[in-house]
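To keep things clear, I will list the structure first and then write my remarks on it.
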Amino acid sequence: MNDRYNGKESFEEWAEEWRMEDRYNFKAIEKKWQAIWDKEKAYKVEIDKNKEKFYALVEFPYPSGAGLHVGHPRSYTALDVIARKKRMQGFNVLYPMGFDAFGLPAENYAIKTGVHPAVSTQANIKTFTKQLKSLGFSFDWDRCIDTSSPEYYKWTQWMFIKFFEKGLAYKDKIAINWCPSCKVGLANEEVVNGHCERCGAEVVRKNKEQWMIAITKYADRLINDLQDLDFIDRVKAQQINWIGRSEGAELDFEFGEDKLTVFTTRPDTAFGVTYMVLAPEHAFVQKYMDRFENPDEVRAYVEATAKKSDLQRTMDDSKTGVELKGMKAKNPYTGDMIPVFISDYVLTGYGTGAIMAVPAHDQRDYDFAKVFHLPIIQVLEGGDISEKAWEEDGAHINSGFMNGMNKEDGMKAAIDYAVKNGFGRSKVNFKLRDWVFSRQRYWGEPIPMVYCEKCGWQPIPESELPLTLPEVPDYHPNDEGESPLSKAGEWLNATCPKCGGHARRETDTMPNWAGSSWYFLRYCDPHNDKEFASKEALDYWMNVDWYNGGMEHTTLHLLYSRFWHKFLYDYGLVPTKEPYNKRTSHGMILAENGEKMSKSRGNVINPDDIVAAYGADTFRLYEMFIGPFDQVAMWSDESLMGVYRFVSKVYGLFRKVYKDAVPGEKDLRAMHKCILEVTERIDQMKFNTAVSSLMTYVNYLSGMEKVPAEMYAVLLKLMAPFTPHLAEEMWARMGYSSLIIMESWPVGDAKLAEDNRVTYAVQVCGKLRGTVELPKGVAREEAEKAALSLDNVKRQTEGKDIRKIIVVPDKIVNIIV
RNA sequence: GCGGGCGUGGUGAAAUUGGUAAACACGCCAGACUUAGGAUCUGGUGCCGUGAGGUUUGAGAGUUCGAGUCUCUCCGUCCGCACCA
């Protein structure tokens with residue numbers, strides 16, 4: 001019986017071995033090499049001042065219960081390829097991974113099941129780690145971090161205290177974005193089209209006392225310092241747009257006993273101001289309520305506005321409002337007394353929450369003026385204002401001392417006049433708001449502050465850090481916006497570090513963006529328990545040389561972390577003013593039909609399944625081949641098959657490799673061309689064409705009778721960043737005892753890659769009529785002669801005058817008749 | 001409305017400074033071989049045409065000996081922001 005199955009017990013067993021002999025057994029190969037890399041700690045790095053460092057970074061994942069998505073490996077593989085190549089080129093490469101582990105899903109899961117978020121998070125981290133390891137990324141796992149571990153968030157809290165000490169963290173009662181579904185306050189950046197970025201519920205306004213961080217103090221530097229950074233343009237543009245800097249002036253209009261200050265980018269149009277508008281939330285509305293002749297009407301409008309969601313407020317662009325009857329404001333330029341309105345088209349959070357309206361030259365003011373039959377005075381020449389506002393430039397008219405001036409002179413004159421008469425000043429405004437830093441949820445870093453009746457808000461002493469999350473009986477937040485920590489009993493009681501009296505702990509936690517704002521620093525020195533990272537480690541490893549991540553973080557994590565880093569820099573805690581030298585972004589991977597992958601659509605592709613069916617190397621290579629890296633790509637099982645065939649082909653090619661075969665001139669040309677192309681294309685993130693180069697080279701090798709060992713070895717090295725397991729396996733089979741991932745990257749020779757013969761395209765009047773092969777660098781006369789002797793060219797030029805012949809060396813001959 | 005992209009075969013896509021458009025792959029067609037368990041190998045494949053040949057990069061114009069690439073106008077499409085004064 002045993003004979004029948006080649007000495008094996010069963011057919012399956014025999015077949016398995018048979019396949020291992022003859023077929024590409026990725027399962028065994030990948031398992032084997034992952035174990036070896038792990039055992040030898042092949043990717044562990046230490047500071048080595050004799051070597052140039054390279055810090056490659058990808059955004060660390062939130063360890064969700066759903067596990068790794070096919071989108072994650074696109075980014076991770078790309079930088080893994082870059083990191084591996086750099087390593088082979090002799091750099092000391094830091095390529096770390098960790099987990100952004102605080103966040104709402106773990107908490108919602110706890111509410112549903114009662115499982116503590118720490119427990120479910122650790123389980124998810126385990127799954128993620130296993131999945132990531134199965135893909136063969138060259139992460140230094142000894143540096144793995146977890147933002148929810150007290151050893152980590154101790155320093156997040158420590159940094160918060162620094163913000164507080166420097167006056168950048170403050171508590172303020174403001175109207176915040178409130179998500180009624182998550183029951184949590186949101187930062188402006190987390191609101192997308194009036195909806196919660198996480199759950200999609202409509203966001204409402206809520207007045208709440210919140211911890212704020214003064215990111216606006218860094219607005220100018222966040223724009224200006226972009227200039228020297230190698231970020232893709234759309235990231236720069238989006239950040240600049242988000243920060244929204246505008247130059248203009250603040251002008252004071254007399255109103256009651258006060259000065260009603262407005263911000264305007266066009267003080268030169270002040271002679272065209274025919275009314276003013278306050279946001280319904282403006283303080284003057286309440287202050288002067290009893291002086292209005294129509295307080296009931298005003299109150300009703302204020303209340304109606306408060307009930308509207310942000311979305312309702314912005315979607316409806318018809319103009320509504322109420323005049324504050326009985327009071328007028330005085331235009332400081334003209335002395336005119338003008339009516340004042342409240343309207344929800346004026347935003348409370350921008351500028352001063354009040355505007356001067358110039359209906360002739362602003363469409364919104366124009367629309368409002370039409371509804372309320374207000375005068376419209378044109379002060380800029382050029383347009384017809386009978387139908388709509390004139391928003392282009394023009395010489396000033398009806399503008400007193402500014403008449404005849406252009407925009408630039410008018411602006412200057414208007415501001416000079418205001419300054420001289422003490423009612424105005426030039427001013428820069430930003431759309432960016434301070435960062436709302438409080439969250440009324442459990443699973444986040446406790447804010448290390450206590451409130452003392454006598455001394456106010458005080459940070460807890462450094463010796464008490466980390467302030468660990470207490471156990472609570474119930475994770476539910478409530479509609480009043482009280483954090484679950486408010487049920488933490490004894491934990492709430494603290495001692496005021498200043499007076500020693502009784503104090504109460506802050507119960508809000510930090511937003512999930514806190515831990516990720518500085519994680520790249522921790523990777524430099526992840527086990528340090530004296531500092532967040534040693535100066536030596538920071539000096540050596542920072543900056544991040546190359547950071548890849550999603551576009552969706554451009555105005556969130558990317559902006560926050562740049563700001564956070566600048567703050568640390570200002571106080572000498574980090575050596576550089578920007579954290580990332582280069583930022584790139586990958587496109588999303590969509591389902592086969594172009595739809596987004598989502599659980600509800602049931603079209604999610606699980607990386608585990610692909611790895612099980614085709615192996616990690618095929619999966620990695622496919623994700624690099626799928627299309628231009630920075631663009632969205634559609635998953636295709638058929639294309640995946642093509643890549644699998646290619647990988648198998650490389651495996652099978654080994655049978656044709658001979659140590660005694662010597663490459664000829666043409667062979668070397670193909671090899672060096674491939675080296676040059678792959679090297680260059682990896683650097684440019686043109687992974688899809690780098691893979692094509694490899695395919696072209698493999699097609700060439702397949703056509704050879706005997707493949708010289710040298711040529712195959714080069715192929716393996718070039719493939720090592722993409723398909724490290726296969727490369728390692730075949731390298732070993734070739735008889736090398738070293739790890740290929742530590743071998744040196746091949747150097748291409750441009751001279752050897754060059755062909756000594758070139759094909760000229762021959763055109764007659766710009767139309768292709770033939771080609772001719774000539775030695776490289778022939779004299780133009782010779783090229784002309786060769787071109788004219790072509791039959792097809794003779795036919796085309798017969799009986800016609802040749803007027804001109806254009807010869808582009810080694811490229812083209814164009815005959816003009 | 002403002003800002004940033006994109007538009008090339010049946011499909012994903014290539015194309016240094018303007019210089020043979022469609023590399024590489026998928027799919028499809030034809031053939032070979034096959035105890036064969038997502039098979040493999042060889043050849044073909046932009047479109048029209050039996051053919052010579054003509055024609056082709058969203059549409060139109062311009063610059064040029066020559067334009068996928070540069071300029072202008074228009075159309076379509078995607079992303080981000082959006083009553084930001």
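In the text below, chain A, chain B and the rest are named by the order of the sequence lines, each starting its count at 1.
- Checked against B:rG54, B:rC81, B:rA85, the side chain of A:Val192 finds its nearest nucleotide in B:rC81.
- Of the candidate nucleotides B:rG80, B:rU20, B:rC26, B:rC26 has the atom lying nearest to any side-chain atom of A:Ser639.
- Between the P atoms of B:rG58 and B:rG53, the separation comes to 27 Å (whole Å).
- Regarding contacts with the backbone of B:rA85, a side-chain N or O of A:Ser246 is found under 4.0 angstrom from either OP1 or OP2.
- Per the geometry, OH belonging to A:Tyr366 stands 18 Å off C1' belonging to B:rA85, to the nearest Å.
- Counting atom types as modelled, A:Lys319 pairs a side-chain N or O with a base atom of B:rC83 as donor and acceptor under 3.5 Å.
- When distances are taken from the side chain of A:Thr759 to each of B:rU20, B:rC81, B:rG19, the shortest belongs to B:rU20.
- The shortest distance between the side-chain N/O atoms of A:Lys686 and the OP1/OP2 oxygens of B:rA15 is below 4.0 Å.
- Checking B:rC83, B:rA85, B:rG4 against the side-chain heavy atoms of A:Ala237 singles out B:rG4 as nearest.
- Base contact: A:Val346 has a heavy atom under 4.0 Å from a base atom.
- Comparing the same atom, C1', in B:rA13 and in B:rU8 gives a spacing of 9 Å after rounding to whole Å.
- The nucleotide B:rG51 finds no pairing partner, because no Watson-Crick or G-U wobble arrangement with both distances shorter than 3.5 Å includes it.
- Using atom P as the reference point in both B:rC65 and B:rA15, the two lie 28 Å apart (nearest Å).
- Of the side-chain N and O atoms in A:Tyr350, one or more sit less than 4.0 angstrom from OP1 or OP2 of B:rA85.
- Summary of the strand contacts: A:Leu347 and A:Val191 both lie near RNA chain B, and taking for each the nucleotide with the nearest heavy atom, the more 5' one is attributed to A:Val191.
- If you check the side chains of A:Asn548 and A:Ser75, you find a donor sitting under 3.5 Å from an acceptor.
- Nucleic acid contact for A:Arg245: none, since no nucleic acid atom lies under 4.0 Å from a heavy atom of the residue.
- Classified by its glycosidic torsion, B:rG9 falls in the syn category, the angle being within 90° of 0.
- Following rounding to the nearest Å, A:Tyr345 (OH) and B:rG1 (P) show an atom-to-atom distance of 20 Å.
- If you check B:rG80 for Watson-Crick or wobble pairing at under 3.5 angstrom, you find it paired to B:rC2.
- Atom name P, nucleotides B:rG19 and B:rC81: the rounded distance is 38 Å, in whole Å.
- B:rC83 and B:rU77: their P atoms are spaced 24 Å apart (whole Å).
- Distance CD (A:Glu197) to P (B:rC81): 10 Å, rounded to an integer number of Å.
- B:rA59 and B:rG10 have their P atoms separated by 14 Å, with the value rounded to a whole Å.
- Nucleotides B:rG68 and B:rU57 place their C1' atoms 5 Å apart, quoted to the nearest Å.
- Taking the ring axis of A:Tyr345 as reference, the NZ or CZ atom of A:Lys319 stays within 45° of it and closer than 6.0 Å to the ring centre.
- Along RNA chain B, the nucleotide closest to A:Met356 and the one closest to A:Ser692 are compared, and the more 5′ of them pairs with A:Ser692.
- Put simply, A:Arg645 has a side-chain N or O that comes within less than 4.0 Å of OP1 or OP2 on B:rC26.
- Taking only side-chain atoms of A:Asn699, from C-beta outward, the nucleotide of B:rA25, B:rU17, B:rG4 with the closest atom is B:rA25.
- When rounded to the nearest whole Å, the span between CG of A:Asp268 and P of B:rA85 equals 14 Å.
- With both ends at atom C1', the span from B:rG31 to B:rU35 equals 23 Å, rounded to whole Å.
- Residue A:Gln631 is classed as having no contact, given no heavy-atom separation below 4.0 Å to the nucleic acid.
- If you take CG of A:Asn593 and P of B:rU11, they are 16 Å apart, rounded to a whole angstrom.
- Using a 4.0 Å heavy-atom distance criterion, A:Gly627 is classed as making no nucleic acid contact.
- One interatomic measurement links the two molecules: CZ of A:Arg681 to P of B:rA23, which rounds to 14 Å at whole-angstrom precision.
- Salt bridge A:Arg425/A:Glu250: present, at least one basic N to carboxylate O contact under 4.0 Å.
- Nucleotide B:rG9 is matched to nothing when pairs are restricted to Watson-Crick or G-U wobble geometry with both distances under 3.5 angstrom.
- As the counterpart of B:rC74, B:rG58 is assigned, both hydrogen-bonding distances of the Watson-Crick or G-U wobble pattern falling under 3.5 Å.
- OP1 or OP2 of B:rA14 lies within a sub-4.0 Å distance of a side-chain N or O belonging to A:Asn688.
- Looking at heavy-atom distances under 4.0 Å, A:Ile355 makes contact with a base.
- Within the 4.0 angstrom heavy-atom criterion, only backbone atoms of the sugar-phosphate kind lie near A:Thr265; the bases stay farther away.
- In this structure, B:rG66 forms no base pair with any nucleotide, since neither Watson-Crick nor G-U wobble geometry is met with both distances under 3.5 Å.
- No contact: A:Leu694 has no heavy atom under 4.0 Å from any strand.
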Discussion item. Walk me through whether A:Asn177 and A:Glu190 qualify under side-chain contact (heavy atoms from CB on, under 4.5 Å).
Written reply: CA-CA 9 Å; A:Asn177 307 299; A:Glu190 295 171 298; over 6 Å; no
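- When heavy atoms are screened at a 4.0 angstrom cut-off, A:Ala613 is found touching base atoms of the nucleic acid.
- Taking side-chain N and O atoms only, A:Asn814 has no distance below 4.0 Å to OP1 or OP2 of B:rU20.
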Discussion item. Show, in sequence, the C-alpha distance, side-chain angles and deciding distance for A:Leu186 and A:Val203, and conclude whether the side-chain contact (heavy atoms from CB on, under 4.5 Å) test is met.
Written reply: CA-CA 9 Å; A:Leu186 301 174; A:Val203 168; 3.9 Å; yes
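- Of the nucleotides present, B:rG31 is the one that pairs with B:rC41 by Watson-Crick or G-U wobble criteria, both distances under 3.5 Å.
- The side chain of A:Asn241 sits closest to B:rG3 out of B:rA14, B:rA21, B:rG3.
- As rounded to whole Å, 23 Å separates atom P of B:rC83 from atom NE2 of A:His361.
- Counted by atom type alone, A:Asn188 and A:Lys431 present zero donor-acceptor pairs between their side chains at under 3.5 Å.
- In this entry the distance linking CD of A:Gln238 with P of B:rC78 reads 17 Å, nearest Å.
- Classification of A:Asp268 and A:Lys407 as a salt-bridged pair fails, no side-chain N sitting under 4.0 Å from a carboxylate O.
- Remark: A:Glu638 does not engage A:Arg645 in a salt bridge, criterion side-chain N to carboxylate O under 4.0 Å.
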Discussion item. For A:Tyr560 and A:Glu189: C-alpha separation, side-chain torsions, deciding distance, then whether side-chain hydrogen bond (donor to acceptor under 3.5 Å, both in side chains) applies.
Written reply: CA-CA 10 Å; A:Tyr560 292 147; A:Glu189 289 79 0; 2.9 Å; yes
